[in-house]
**Q** 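Just passing along the structure, written as structure tokens.
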Amino acid sequence: MSLVSLEKVFAYLAEHEERHIAQLCDWLRIPSISSESEHKSDVIAAARFIADELDGLGLQVEVIDTSGHPLVYAEGAQQPGRRTLLFYGHYDVQPVDPLELWISPPFEPAIRDAKIFARGACDDKGQLYCHVKALEAYVRQGIELPVNVKFIIEGEEESGGRAVYDYTERHTDRLACDAVVISDTALYNEQVPGICYSLRGLAYMEIRVFGPAMDLHSGGYGGVVQNPANALAAIIAKLKDADGRCLVPGFYDDVLELDAAERAAFASLNYTEEVLRKETGAPAGFGEKGYTILERMWARPTCDVNGIVSGYGGEGAKTIIPAQAVAKVSMRLVPNQDPDKIAAAFIRYVESICPPGVRCEAVNLHNAEPVLVPRHSPLLQAGLRALEQGFGAQPVFIREGGSIPIVGTFQDCLKAPVLLLGYGLPTDNAHSPNETFHLRNFRGGMRTSAILLREAAG
Ligand SMILES: [Zn+2]
């Protein structure tokens, strides 16, 4: 494709920007909160909105009923010999409470300081819409698409639904592609775009400690039976050493170490302890010796207690020995750790350190695979070129400490690499009051998506 047509695409995007913003705001007005059943009809309306839009661009669209919220599948004409991109996104949003902290109502989009304020503006309606509008520019300008496109858009991302996982596992032919593109992450910062090439995985555990058959009088039986809360504390104290290294045997066996180029690249991003303190409000940083903050955040595994429940927590005193104690524990994992193997090692370890006088068990609640996409792959290089031209700034490679479980499912089922092309910002308040999407990033995202359609053609 010639450069001339890309200019026509950019001209279209510039000329129709006001309308594109207004249409995005129409979508944002639909309160598609997937976890709240009172919004079920809104969730369906949000699915319909994006389905109609893709239909209007000449794609074959299907709104698929599931046991949860509907999936939207769409595909353009599939021409043999062209590469195929599958775009994934979600039309559902997080709940909005605490409502009183919103400066303007979450479902009445408002533009202030060159940002759209609304729930879902960034996560994920605004980011997904960049791909749709890039596609629109090609279609309306009569420019042949350089690649085949497919979309799979779900409505349960924020509520942990399984529909898209089941569908992907059962419809690998329909979703077959050369690459999956996901825009549901962030640029590195306001000046620097980034491509995320690695995500941490997860093994989520629950430790349960059982003691007496019922809560006991701590005067009557204190000192003669083991206390499950004390026993749980003893177990937790043995999960990590004083430097934050996890003590589960074999935990680090399969960890892929960072290479020298990655360490240098992370160091050049200059993330300091001061920034960490400002972002978190923690009095000081903490973590494994021998690694910088970004290395620990993005490329080292961890083990953290997420919650502890036992005994009495109400007002004043209640003198008991609790019958049970429970802790939730998340282990963030990195390439090439296997969540199942780590979960099994954790269970064996907890059983082995169970104090006498109580019964202990650990169970694996859910897992996510860690992800690593080779930085030198043609797809990531195409993404890099698209970002550089789309945002007019040199992008960097970044990792993310969190997990996006669907990425592992796409990789396993479709055998295709995943490009994480984030257009949001870490400061966009996703999941918090006053969520934003910068108009500059909407513009940059649409341009990047348009360039990607060309660059990914190879
Ligand atoms: Zn999201």
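In each ligand, atom 1 is the first atom listed, and ligand 1 is the first ligand listed.
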**Q** Can the ring centroids of F410 and Y88 be said to lie less than 6.0 angstrom from one another?
**A** yes
**Q** Determine whether the side chains of S330 and D304 contain a donor N or O and an acceptor N or O closer than 3.5 Å.
**A** no
**Q** Please check: side-chain N/O of D42 versus main-chain N/O of I30, any donor-acceptor pairing under 3.5 Å?
**A** no
**Q** Does the E156 side chain pair with the main chain of H69, one donor and one acceptor, at a distance under 3.5 Å?
**A** yes
**Q** With the Zn ion (ligand 1) as the centre, enumerate protein N/O/S atoms below 2.8 Å in chain and residue order.
**A** H90 NE2, D123 OD1, D184 OD1, D184 OD2
**Q** Aromatic ring centroids of Y12 and H16 under 6.0 Å?
**A** yes
**Q** Please determine whether a side-chain nitrogen of the Lys or Arg among E388 and R385 lies less than 4.0 Å from a carboxylate oxygen of the Asp or Glu.
**A** no
